[in-house]
Novice: 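If you scroll down you'll find the structure; I have some questions about it.
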Amino acid sequence: MALRIPLSFPSQSDVSTDDGGASSITASIENSPIGRSSVEFQPSSVLLLKGVPGDLRELELLPLLKNYGPIKDILIAHHKRYVFVQFEKIETATKCYEAFTEKIPQIRGNDLYVFYTGKD
């Protein structure tokens, strides 16, 4: 089943499928420093970090993440400047998400923006 999200939408709208809301997501335009629209998913154990340096190494990232709980996997997409971080539990990913949205972390002067992926 395909889920279509319009390229432009009101300041806040709900987008859902016909599966009783299980795939419900909230799409919103954020007034963030990066000035982009974002799609916010339900909490999940996998987070997406955007804005990382193109030559980021996992060893630079671990000090920012290790305080939130055990990490299952890290995937760095150097050419796209983002990272997927999978925590062992949704609760630890949520702690990290909340901390990173409250105070935006930096690596080498780059602000990191955190998003739920909706995947576990």
Novice: Decide whether Leu64 and Val83 are clustered together by the hydrophobic rule: side chain heavy atoms of Ile, Leu, Val, Met, Phe, Trp, Tyr closer than 4.5 Å, transitively.
Specialist: yes
Novice: Quick one: list whatever passes side chain to side chain donor-acceptor pair (under 3.5 Å) with Arg108, sequence neighbours left out.
Specialist: Asp55, Glu60
Novice: Would you please test Leu65 and Cys96 for side-chain contact (heavy atoms from CB on, under 4.5 Å) and show each step?
Specialist: CA-CA 7 Å; Leu65 301 170; Cys96 181; 3.9 Å; yes
Novice: How far does CG of Leu49 sit from CD1 of Ile74, to the nearest 0.5 angstrom?
Specialist: 9.0 Å
Novice: Minimum heavy-atom separation for Glu58 and Ile76, please, with both atom names.
Specialist: N-CD1, 3.7 Å
Novice: If you group Ile, Leu, Val, Met, Phe, Trp and Tyr by side-chain heavy-atom gaps below 4.5 Å, do Ile107 and Val85 land in one group?
Specialist: yes
Novice: Once ring pair (Phe, Tyr, Trp, His ring centres under 6.0 Å) is applied, what residue pairs with a partner in residues 58-81 remain, sequence neighbours excluded?
Specialist: Tyr68-Phe100
Novice: Kindly give the heavy-atom pair with the smallest separation between Gly69 and Thr92, and that separation in Å.
Specialist: CA-CG2, 3.8 Å
Novice: At their closest point, which heavy atom of Tyr82 faces which heavy atom of Phe84, and how far apart are they?
Specialist: CE1-CE1, 3.3 Å
Novice: Quick one: CD1 on Ile71 to CZ on Phe87, what's the gap to the nearest 0.5 Å?
Specialist: 5.0 Å
Novice: Look up atom OH in Tyr116 and atom OG1 in Thr101, then write down how far apart they are to the nearest 0.5 Å.
Specialist: 7.5 Å
Novice: Counting only N and O atoms by type, is there a donor-acceptor contact under 3.5 Å from the side chain of Thr117 to the main-chain atoms of Val46?
Specialist: yes
Novice: How many angstroms lie between atom CG of Leu47 and atom OG1 of Thr94, to the nearest 0.5 angstrom?
Specialist: 7.5 Å
Novice: What distance do Lys66 atom NZ and Leu61 atom CG have between them, rounded to the nearest 0.5 Å?
Specialist: 12.0 Å
Novice: Grab the two heavy atoms, one from Asn110 and one from Pro53, that are nearest each other, plus how far apart they are.
Specialist: ND2-CG, 3.1 Å
Novice: Do you know the tightest heavy-atom contact between Ala93 and Ser44?
Specialist: CB-O, 3.2 Å
Novice: To the nearest 0.5 angstrom, please state how far the CZ atom of Arg81 sits from the CG atom of Leu112.
Specialist: 9.5 Å
